[in-house]
There are 2 protein chains.
Amino acid sequence: MDTTVVSARRKIEIYRANVGNGGLDNCPIRTVVQNISGKWSALLLMALAERPYRFGELRRLVPDISQRMLTQTLRDLQRDGYVNREVFPTKPPSVEYSLTDLGRSMYDSIEHLFHWAENNHQQVRAARVEFDAAGD
Amino acid sequence: MDTTVVSARRKIEIYRANVGNGGLDNCPIRTVVQNISGKWSALLLMALAERPYRFGELRRLVPDISQRMLTQTLRDLQRDGYVNREVFPTKPPSVEYSLTDLGRSMYDSIEHLFHWAENNHQQVRAARVEFDAAGD
DNA sequence: GTTGTTGCTCTCATTTTGAGACCAGCACTA
DNA sequence: TAGTGCTGGTCTCAAAATGAGAGCAACAAC
């Protein structure tokens with residue numbers, strides 16, 4: 001057995017054991033990844049990594065998100081501790097969302113993936129076209 | 001304006017311009033991220049990063065995935081060029097899935113996030129508990 | 001008083017996912 | 001020879017997530 005592979009295998013075994021116990025909520029990676037892998041999470045994290053935004057600003061920034069999903073995605077990110085929600089007593093009251101330290105720390109890691117995506121999206125797109133063509 | 005922030009802002013502006021054009025399929029990051037942010041994609045990539053797996057092996061490895069979603073997720077990953085699907089003419093025929101070079105390259109980037117998740121899942125979990133408690 | 005702005009929530013239609021039955025082809029077994 | 005199991009799927013139907021859009025309260029500006 002290759003040693004470079006042992007740690008990944010162990011993670012999976014731990015995962016399996018947890019599933020066997022009926023509690024897959026103990027798989028660390030899924031605990032975290034499931035909640036930032038929503039359709040809109042990455043986009044919102046990207047925006048908030050730039051600077052704090054108000055609700056309406058985010059809505060205008062990502063025009064194809066529904067208000068419902070914007071509310072819900074922000075609340076999920078807040079629940080996991082990535083995003084801070086602050087209400088300002090203006091009239092009408094405004095709400096500002098910003099990254100927490102935890103969120104910023106996580107963003108530093110997910111940013112690698114974003115950079116990869118920027119640099120390699122043509123290849124992905126090409127693969128997709130080829131696959132679809134072969135499927136005819 | 002802080003210079004460290006300019007590139008993120010530009011990406012978002014590019015994104016907005018594309019949306020304005022009616023084509024948000026040109027946003028590089030979404031093109032890539034949407035398809036690996038599925039519920040099961042990360043888990044399967046993790047497994048396949050370790051070594052190639054057969055369909056049934058993956059099924060046993062991730063017991064709480066339905067056969068239907070396993071098929072579909074693998075096909076999506078294959079379509080984007082991350083995963084190679086090879087049929088062996090055994091009886092009954094077996095199918096092996098493995099990471100392509102593109103998939104491995106992408107995995108190197110997403111792995112940062114997985115490591116972060118391993119190291120910080122307690123904090124996420126704690127934030128979640130606190131949020132839920134405050135919500136009473 | 002009419003309209004606009006804020007950040008939501010509620011309802012309902014559509015889409016995605018989950019659970020499980022079914023399938024073909026061959027091997028092994030009784 | 002009939003039964004059983006293994007392979008990697010697909011098909012159907014229920015459940016869950018999402019999208020589209022209306023409604024809402026309170027106050028400002030006109």
Can any side-chain N or O of A/S37 pair as donor or acceptor with the backbone N or O of B/S37 at less than 3.5 Å?
-> yes

Side-chain donor or acceptor of A/S105 paired with backbone N/O of A/D101 under 3.5 Å = no

Going by the angle between their ring planes, with limits at 30° and 60°, are A/H112 and B/H112 parallel, tilted or perpendicular?
-> parallel

Can you run down the salt bridge (Lys or Arg N to Asp or Glu O under 4.0 Å) pairs that involve residues 80-98 of chain A, sequence neighbours left out, and say none if there aren't any?
-> A/D80-B/R128

Could you write nucleotides 6-23 of chain C as a row of B, S and -, 5' to 3', where a protein heavy atom under 4.0 Å of any base atom gives B, of only sugar-phosphate atoms gives S, and otherwise -?
-> BBBBBB-----BBB----

Could you tell me the separation between the CD atom of B/Q78 and the C1' atom of D/dG9, rounded to a whole number of Å?
-> 14 Å

Rounded to whole angstroms, how far apart are CZ on B/R59 and C1' on D/dT10?
-> 13 Å

Spacing of OH belonging to A/Y82 relative to CG belonging to A/N35, to within rounding of 0.5 Å = 7.0 Å

